[in-house]
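The structure under discussion appears below in the form of structure tokens.
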Amino acid sequence: MRRKGNGGALPIWILHTFMFTWFTFSALAEDPELGSSRVVFQTNYGDIEFGFYPTVAPQTVNHIFKLVRLGCYNTNHFFRVDKGFVAQVADVVGGRTAPMNEEQKVEAEKKVVGEFSDVKHVRGILSMGRYSDPNSAQSSFSMLLGDAPHLDGQYAIFGKVTKGDETLRKLEELPTRREGMFVMVYLHGTNYRLFQPTERITIMSSYYYDSKTETCEEEKSVLKRRLSASAVEIERQRMRCFP
């Protein structure tokens, strides 16, 4: 006797199990692999560490990593913090307090082709800022403070925060003021007011290491102290040049 009901279809619990498994593996498949390089920004509110997606945006990764190696982000700052949305690093050409040497200027003024991908804009992702031209990204980028699906496919994702979420949460709690009309980031070219921190969030210094080969915490601690001292010296030089 033929059973009435689903006409031979799979039981609901089997379908639910299949769908859950499929979505889980789909999400894992979409999560790109991080390279072994790590960068640390030492800010006046704490450290933020991030890694790169070299297979997703190789040109962008090479460009940002070179800027870090040249010390371009030292004395730069976060000029925008929208709670639950983004914390954005300023363009190094105008965002640093220390003067730039010629090698730094040449690299900082380069534009990177837009390497758009299927990676999603979720909290912790690093996403390049740009103007309406898709190939206008230079050195400004954002750390996502929440999920922003409306940005997907529009801006080049090149890495993610690996440590320092507690620092990002501190930044989110800082007071901000609405400033000016801004067109560079994240509303598809529409003018709008940005949320600018009332206190400067300074990237005092930065350093990088390889997570596969440099695992000694003592060595990294020494390096951090040296770079902090270097940042102080840079600021002293700046004050002598621009009293």
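In this structure, Gln42 contributes its side chain and Asp47 its backbone to no donor-acceptor pair below 3.5 Å. Here the side chain of Asn76 pairs no donor or acceptor atom with the backbone of Ile203 at under 3.5 angstrom. Checking side-chain atoms of Tyr73 against main-chain N and O of Ser139 turns up a donor-acceptor pair under 3.5 Å. Of the possible polar contacts, one joining the Glu172 side chain to the Gly84 backbone as a donor-acceptor pair under 3.5 Å is found. Between the Asp210 side chain and the Ser37 main chain, no donor and acceptor come within less than 3.5 Å of each other. Side chain of Arg96 to main chain of Ala98: a donor-acceptor pair is present (N/O by atom type, distance under 3.5 Å, no hydrogens or angles). Side-chain atoms of Asp152 come within 3.5 Å of backbone atoms of His121 as a donor-acceptor pair (strictly under, hydrogens ignored). Not one N or O on the side chain of Ser117 forms a donor-acceptor pair closer than 3.5 Å with the backbone of Val56.
Val161 places a side-chain heavy atom less than 4.5 Å from the side chain of Ile48. Ile201 is listed as a side-chain neighbour of Val81, based on a closest heavy-atom distance under 4.5 Å. Side-chain contact between Leu171 and Met143 is absent, with no heavy atoms from C-beta onward closer than 4.5 Å.
At a threshold of 4.0 Å, the pair Asp133-Lys111 does not count as salt-bridged, since none of the basic side-chain nitrogens sits closer than that to a carboxylate oxygen. Between Lys105 and Glu102 there is a salt bridge, with a side-chain nitrogen of the basic residue lying less than 4.0 Å from a carboxylate oxygen of the acidic one.
One finds the CZ atom of Arg123 at 6.0 Å from the CG atom of Leu168 (value rounded to the nearest 0.5 Å). Taken from CD1 in Ile125 to NZ in Lys160, the straight-line distance is 7.0 Å, to the nearest 0.5 Å. Here the OG1 atom belonging to Thr162 is positioned 8.5 Å from the CZ atom belonging to Phe50, to the nearest 0.5 angstrom.
Thr202 and Asn44 are not linked by any side-chain donor-acceptor pair at a separation below 3.5 angstrom, with hydrogens and angles left out of the test. Side-chain contact check for Tyr45 and Glu166: no donor-acceptor pair (N or O, by modelled atom type) lies under 3.5 Å.
Under the 30°/60° scheme for interplanar angles, the aromatic rings of Phe141 and Phe41 are found to be tilted.
Qualifying side chain to side chain contact (heavy atoms under 4.5 Å, CB included) partners for His63, counting only residues two or more places apart in sequence or in other chains: Leu67, Glu107, Lys110, Val112. In terms of the side chain to side chain contact (heavy atoms under 4.5 Å, CB included) criterion, Asn62 has no residue partners (sequence neighbours excluded).
Cation-pi check for Arg69 over Phe65 is met; the charged atom lies under 6.0 angstrom from the ring centroid and within 45 degrees of its normal.
Paired with Glu49 under the rule side-chain hydrogen bond (donor to acceptor under 3.5 Å, both in side chains), one option of Tyr208, Tyr207, Tyr209 passes, and it is Tyr209.
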